[in-house]
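Both ligands and their constituent atoms are indexed starting at 1 by order of listing. Only heavy atoms go into these numbers, but all of them, side chains included; no hydrogens, no water, no symmetry mates.
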Amino acid sequence: MASSPFLALFLAAAALAVVGTQTLAQPVAPGPTAPPNNITAILAKGGQYTTFIRLLRQSRVDEQINSQLNNSFNGLTVFAPTDNAFNSLKPGTLNSLTQQEQIELVLYHVLPRFYSLALFATTSNPVNTQASGNNGVYTLNITTTTNQVNISTGVVVTPITNSLSTDFPLAVYSVEKVLLPYDIFGPKPPAAAPAPKPSGSTKSPPSAISEGPSTDSKGSGSDSSGVSFKLQWSSLVGLGVMGVIATL
Ligand SMILES: *[C@@H]1O[C@H](CO)[C@@H](O)[C@H](O)[C@H]1NC(C)=O
Ligand SMILES: *[C@@H]1O[C@H](CO)[C@@H](O)[C@H](O)[C@H]1NC(C)=O
Ligand SMILES: *[C@@H]1O[C@H](CO)[C@@H](O)[C@H](O)[C@H]1NC(C)=O
Ligand SMILES: *[C@@H]1O[C@H](CO)[C@@H](O)[C@H](O)[C@H]1NC(C)=O
């Protein structure tokens, strides 16, 4: 009976294999708690994003984000400036913007796809944001090393300092500066004069910025509630945002 030890080993191995597949199969079962794809909930948990949360709510971009997450195969990425970042803005920076520009500023912090930190390394510049204006989609640039990811708008450069969510479909990263879009805060040469002047750019007088009321037909929300969005914004929410901004 020379084969019995081998048979025993075989049976033992088979038993282990069965146990192995069982233990492997178990984690596949769906967990009872779904991950929160709720931008405000994620930010509220972070504790230092109260200004950004208020701007998201008052521009109703939070609802736009949550419903986009429901319908998007690409996911979304949000750059969340801390309260310190807003406090560090030159006084009056946000007040110098039209209401539409303030919405674009919020949308500029949202990318229309999910980026893990690793994906940033392979992306090519410029990167589209959810904001747009007369000259099309507002973009930003991403540069990476092995341990750092920088965001450059052409007006400000700032690194990602923290990951608040990296679960598909919603990535949320903390930044220490408000991302000021070049299309709003960059120099506006009347002809061709592409000399970059980042330091003086935020000093432009409000009158230079608020020429032309807004671009109404842009695609920030492709749903049919765009009209009521605008109306509510201007009649109610706009005042709220102006109040928030005035307290900054
Ligand atoms: C998202 O979270 C906020 C804050 O926790 C909550 O007030 C809101 O109802 C949530 N929205 C959705 C769609 O779950
Ligand atoms: C997401 O989709 C589900 C099912 O289609 C729906 O019940 C829910 O209200 C949606 N949530 C949002 C925030 O749109
Ligand atoms: C990020 O920006 C800082 C400051 O401008 C710079 O020192 C650093 O080299 C940049 N890193 C990357 C990865 O671009
Ligand atoms: C962004 O990247 C593009 C392509 O590399 C480059 O042409 C552009 O000057 C960059 N802009 C900024 C603000 O870094």
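- Near G154, the atoms of ligand 4 lying under 4.0 angstrom from a non-hydrogen atom of the residue are 13 (C).
- No more than 12 heavy atoms of other residues, nucleotides or ligands shown are found within 6.0 angstrom of CG on N135.
- Within the 4.5 Å cutoff, the side chain of V178 has heavy atoms near those of the H109 side chain.
- Protein heavy atoms are absent from the space less than 4.0 angstrom from atom 4 (C) of ligand 3.
- Neither the backbone nor the side chain of V149 comes within 4.0 Å of ligand 3, counting heavy atoms alone.
- The side-chain hydrogen bond (donor to acceptor under 3.5 Å, both in side chains) search around Y49 returns S174, not counting sequence neighbours.
- Set against the non-hydrogen atoms of A41, the atoms of ligand 1 under 4.0 Å away are 2 (O), 5 (O).
- In this structure, the protein non-hydrogen atom closest to atom 1 (C) of ligand 3 is N150 ND2, 1.3 Å.
- For T40 and N38, the side-chain atoms include at least one donor-acceptor pair closer than 3.5 Å.
- Distance check: N74 CG to L111 CG gives 12.0 Å after rounding to the nearest 0.5 Å.
- Within the listing of ligand 4, atoms 13 (C), 14 (O) sit less than 4.0 angstrom from a heavy atom of S152.
- The aromatic ring centroids of Y173 and F120 lie less than 6.0 Å from each other.
- Close contacts of ligand 4 with N125, meaning ligand atoms under 4.0 Å from a residue heavy atom, involve 2 (O), 4 (C).
- Under the 4.0 Å distance rule, the nearest protein heavy atom to atom 14 (O) of ligand 4 falls inside the cut-off.
- Summary of contacts: the protein heavy atom closest to atom 12 (C) of ligand 4 is N141 ND2, 3.1 Å.
- Remark: the Q68 side chain and the Q130 side chain contain an N/O donor-acceptor pair separated by less than 3.5 Å.
- Near T144, meaning under 4.0 Å from one of its heavy atoms, ligand 3 places the atoms 13 (C).
- Distance check for atom 9 (O) of ligand 4: every protein heavy atom is found at 4.0 Å or beyond.
- N141 and T139 form no side-chain donor-acceptor contact under 3.5 Å, judged by distance and modelled atom types alone.
- Using a distance-only test at 3.5 Å, with no hydrogens or angles considered, a donor-acceptor pair links the side chain of T129 to the main chain of Y138.
- Every N/O-N/O distance between R57 and ligand 1 stays at or above 3.5 Å.
- Of all the atoms in ligand 1, the ones that sit under 4.0 Å from a non-hydrogen atom of T40 are 1 (C), 2 (O), 3 (C).
- Ligand 3 has no nitrogen or oxygen under 3.5 angstrom from a nitrogen or oxygen of T145.
- For ligand 3 and T143, the ligand atoms under 4.0 Å from any heavy atom of the residue are 12 (C), 13 (C), 14 (O).
- Using modelled atom types, one side-chain atom of D83 and one backbone atom of T51 make a donor-acceptor pair closer than 3.5 Å.
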